[in-house]
2 protein chains.
Amino acid sequence: MTRKLPDKTVERLSQYRRALLNTLSGGKHHIFSHEIANLLHITAVQVRRDIMLIGYTGTLRQGYDVNELIDIIGKIIDTREGQKVAVIGIGNLGRAIMGYFSGKRTRLNIVAAFDSNPDKTDKIYAGVPCYHSDKMMEIIKNESISIAVISVPGEFAEKVAEDLTMAGIKGILNFSPKPLNMPAHVYLQEFDMLTMLEKVAYFVKKS
Amino acid sequence: MTRKLPDKTVERLSQYRRALLNTLSGGKHHIFSHEIANLLHITAVQVRRDIMLIGYTGTLRQGYDVNELIDIIGKIIDTREGQKVAVIGIGNLGRAIMGYFSGKRTRLNIVAAFDSNPDKTDKIYAGVPCYHSDKMMEIIKNESISIAVISVPGEFAEKVAEDLTMAGIKGILNFSPKPLNMPAHVYLQEFDMLTMLEKVAYFVKKS
DNA sequence: AAATTACTGTTATTTTAATAACAATGTTAA
DNA sequence: TTAACATTGTTATTAAAATAACAGTAATTT
Ligand SMILES: NC(=O)c1ccc[n+]([C@@H]2O[C@H](COP(=O)([O-])OP(=O)(O)OC[C@H]3O[C@@H](n4cnc5c(N)ncnc54)[C@H](O)[C@@H]3O)[C@@H](O)[C@H]2O)c1
Ligand SMILES: NC(=O)c1ccc[n+]([C@@H]2O[C@H](COP(=O)([O-])OP(=O)(O)OC[C@H]3O[C@@H](n4cnc5c(N)ncnc54)[C@H](O)[C@@H]3O)[C@@H](O)[C@H]2O)c1
């Protein structure tokens, strides 16, 4: 298939798709690059360039076919069977995430949650069972869960990540403030809210 | 003071500081660039370059003085008086964020929360009062709150952002999936979890 | 005393991302 | 029919970020 795309292009493709699904439900079937750009508050060139990179081409006078573009992006981002996701650590953030995803229809299915606190396990959150973390490695392996969201306190994040790696996880989204060190074959995305808020504060101060 | 620093450097400074505070509480008072690098899983050159940019210099044989470095970073990121932060939308995510920040001692003080649902207002969350959003503009202005965290559903985000701008907000951290369009004097940081998870999925698929 | 080592600080280079420039082309207007 | 227009697709340029190269230097070893 397509060559590996730039990081930022992949991010935008995800956003294009969401915006396009909206457009579609508004009954609009064709869209110009500058219209997509306006939805995301970026430039039309950026949009056209991204679309060029995925090898889709629009028509000169009508722009892009919304359905086709949604499909193509799907072919790039999604896998046919979908990917299974687990959430580790069902505290305040973990529960918020579970609730958030439960509505969305997507090829990313949260199929299991794990927590070390027995008060929180053997229950259903947003339709998804929460197991004790003792069973994590086994279930990840048996269910071939490929992606994990880490929302445990920082001091446990490293151990959890190691276990996940041993269980064969392929990608991690880490919400804990502890920077993780993964082998090259595990894709890692860190997500540090405190850092982002401090960054906002810095640029507010500087402006 | 210092010239405006690169975006990514600011992010790392926030992380350096957190790591250094840890180091300090472990009783360690000097640290080498490669040690900082190991804590964050980045390269030592990157660390030295960032530190160069903020104009601090270590000593040849001992490396950096942990206390001094923490102080310098504080001078760059923090303001003397601290900055006031409001959280808009006290749903699952909003409440998680309130809880998360309440522990942290930082110069960023969450001083108010707002929600449009009367069932959620006129209560205290994590020590912070939640007002009805009717009062938002007035309170933001009167309290000179400079930073807002938006955690309302996407369809309301734009309106909220407009009101915030009119009330004189200076920086926004947006968790809603709706991309916002702010005037140049309002610093905007978007934070889209679905996009990040789809990105992980893409690179897992490609690897 | 000279060579080696283990660091820092800085400049140079490379890589990645964004922006600009523009050729190609069907459509509308004159 | 011809000129102007609006749009795409692509190449060229610029900007931002990361990485590499290396000079300088105090301490240590030979
Ligand atoms: N709450 C937020 O809005 C927020 C924001 C940014 C980052 N974070 C980070 O996300 C993480 C979770 O935050 P939170 O507010 O939900 O904390 P929390 O304390 O509410 O939840 C943590 C959960 O992890 C569980 N846990 C602990 N060790 C575990 C292990 N080894 N395996 C499985 N589960 C384990 C705990 O039982 C608890 O349920 C923390 O690292 C926090 O720093 C949270
Ligand atoms: N829950 C998550 O983990 C998560 C993850 C990523 C993104 N988000 C995004 O964050 C936002 C909030 O998510 P959530 O799960 O907390 O949703 P939620 O429905 O639990 O909470 C939304 C809150 O916003 C309030 N609200 C609505 N309109 C408002 C207005 N005009 N002014 C003030 N408050 C208003 C509602 O009363 C409600 O309390 C959404 O945009 C969601 O897409 C959530």
Side-chain angles (χ1 to χ4, degrees), chain A residues 2-16 20 28-66 68-69 72 179 184 187-190 195-196 199 202-203 206, chain B residues 2-16 20 28-66 68-69 72 179 184 187-190 195-196 199 202-203 206:
Chain A
T2 37
R3 187 74 222 95
K4 202 181 281 191
L5 296 166
D7 214 86
K8 298 292 175 182
T9 295
V10 175
E11 290 182 20
R12 282 188 298 266
L13 288 176
S14 158
Q15 300 186 293
Y16 295 158
L20 291 169
K28 196 166 150 63
H29 288 265
H30 289 89
I31 194 165
F32 296 124
S33 62
H34 64 263
E35 292 177 306
I36 300 181
N38 286 341
L39 293 171
L40 273 72
H41 310 299
I42 60 177
T43 67
V45 189
Q46 184 81 85
V47 173
R48 290 207 301 279
R49 217 174 180 296
D50 287 335
I51 291 177
M52 179 192 83
L53 289 175
I54 64 177
Y56 180 66
T57 101
T59 57
L60 194 43
R61 205 56 192 180
Q62 296 187 107
Y64 304 99
D65 182 294
V66 179
E68 281 178 16
L69 193 43
I72 299 268
Y187 186 86
L188 173 66
Q189 174 70 49
E190 311 259 9
T195 288
M196 288 305 170
K199 182 169 110 179
Y202 171 84
F203 284 107
K206 280 294 169 184
Chain B
T2 38
R3 188 74 222 96
K4 202 182 281 191
L5 297 166
D7 214 85
K8 298 292 175 180
T9 294
V10 175
E11 290 181 21
R12 281 188 298 267
L13 288 176
S14 158
Q15 299 186 294
Y16 295 157
L20 290 169
K28 195 165 151 61
H29 288 264
H30 289 89
I31 194 165
F32 296 124
S33 62
H34 65 263
E35 292 177 306
I36 300 180
N38 287 341
L39 293 170
L40 273 72
H41 310 300
I42 59 176
T43 67
V45 189
Q46 183 81 85
V47 173
R48 291 207 300 278
R49 219 177 177 296
D50 287 335
I51 292 176
M52 179 192 84
L53 289 175
I54 63 178
Y56 179 65
T57 101
T59 57
L60 196 42
R61 205 59 189 175
Q62 297 187 104
Y64 305 99
D65 182 296
V66 179
E68 281 178 16
L69 193 43
I72 299 267
Y187 185 85
L188 173 66
Q189 174 69 51
E190 312 260 8
T195 288
M196 288 306 172
K199 181 169 113 179
Y202 171 83
F203 284 106
K206 280 294 168 186

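Below, read A as the first sequence line, B as the second, and so on, with proteins coming before strands; counting in each chain starts at 1. Given the structure is predicted, the values throughout are model-derived calculations rather than measurements.
Atom-to-atom, CG of Leu5(B) to P of dA18(D) comes out at 13 Å; the value is rounded to the nearest Å. Protein atom CD1 of Ile31(A) is 10 Å distant from nucleotide atom P of dT8(D), rounded to whole Å. Between Tyr56(B) atom OH and dG9(C) atom P the separation is 9 Å, expressed in whole Å. Rounded to whole angstrom, the span from the CZ atom of Arg48(A) across to the C1' atom of dT11(D) amounts to 13 Å. One interatomic measurement links the two molecules: CD1 of Ile54(A) to P of dT8(D), which rounds to 14 Å at whole-angstrom precision. Separating the CZ atom of Phe203(A) from the P atom of dA16(D) is a distance of 11 Å, rounded to the nearest angstrom. Atoms NZ (Lys4(A)) and P (dT15(C)) sit 16 Å apart, rounded to a whole Å. To the nearest angstrom, P of dG9(C) lies 8 Å from CD1 of Ile51(B).
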Enumerate the protein-to-nucleotides 23-30 of chain C contacts in which both atoms are nitrogen or oxygen and the separation is below 3.5 Å.
none

Interface polar pairs with nucleotides 16-18 of chain C, N/O, under 3.5 angstrom:
residue	atom	partner	partner atom	Å
dA18(C)	OP2	Arg12(A)	NH1	2.9
dA18(C)	OP2	Arg12(A)	NH2	3.1

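The ring-ring contact (aromatic ring centres under 6.0 Å, His included) test applied to His34(B) returns Phe32(B), not counting sequence neighbours. Scanning for side-chain contact (heavy atoms from CB on, under 4.5 Å) contacts around Asn38(A) gives an empty result, with sequence neighbours left out. Evaluation of the salt bridge (charged side-chain N to carboxylate O under 4.0 Å, His left out) rule for Glu190(A) yields no partner, not counting sequence neighbours. For His41(B), the ring-ring contact (aromatic ring centres under 6.0 Å, His included) criterion is met by no residue, not counting sequence neighbours. Residues meeting the side chain to side chain donor-acceptor pair (under 3.5 Å) test with Gln15(A), sequence neighbours left out: none.
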Exercise for the section: Please test Phe203(A) against Val10(B) for side-chain contact (heavy atoms from CB on, under 4.5 Å), starting from the C-alpha separation and ending with a verdict. Expected result: CA-CA 9 Å; Phe203(A) 284 107; Val10(B) 175; 4.1 Å; yes
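Distances from the side chain of Val45(B) to the nucleotides dG9(D), dA20(D), dT8(C) place dA20(D) closest. Distance from the side chain of Thr57(A) is smallest to dG9(D) among dT19(D), dT8(C), dG9(D).
The salt bridge (charged side-chain N to carboxylate O under 4.0 Å, His left out) pairs that include a residue from residues 38-47 of chain B number zero, where partners must be two or more places apart or lie in different chains. Residue pairs meeting the salt bridge (charged side-chain N to carboxylate O under 4.0 Å, His left out) criterion with at least one member in residues 40-52 of chain A, sequence neighbours excluded, are Arg12(A)-Asp50(A). Note on residues 28-41 of chain B: pairs passing salt bridge (charged side-chain N to carboxylate O under 4.0 Å, His left out), not counting sequence neighbours, are Lys28(B)-Glu35(B).
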Residues 52-64 of chain A, side-chain donor-acceptor partners within the protein, below 3.5 Å, at least two apart:
residue	atom	partner	partner atom	Å
Tyr56(A)	OH	Asp65(A)	N	3.4
Tyr56(A)	OH	Glu68(A)	OE1	2.7
Thr59(A)	OG1	Gly63(A)	O	3.2

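Panel note: side chain Tyr16(B), backbone Ile51(B); no donor-acceptor pair is recorded below 3.5 Å.
Residues from residues 33-42 of chain A lying near DNA chain D, meaning a heavy-atom separation below 4.0 Å, are Ser33(A), His34(A) in numerical order.
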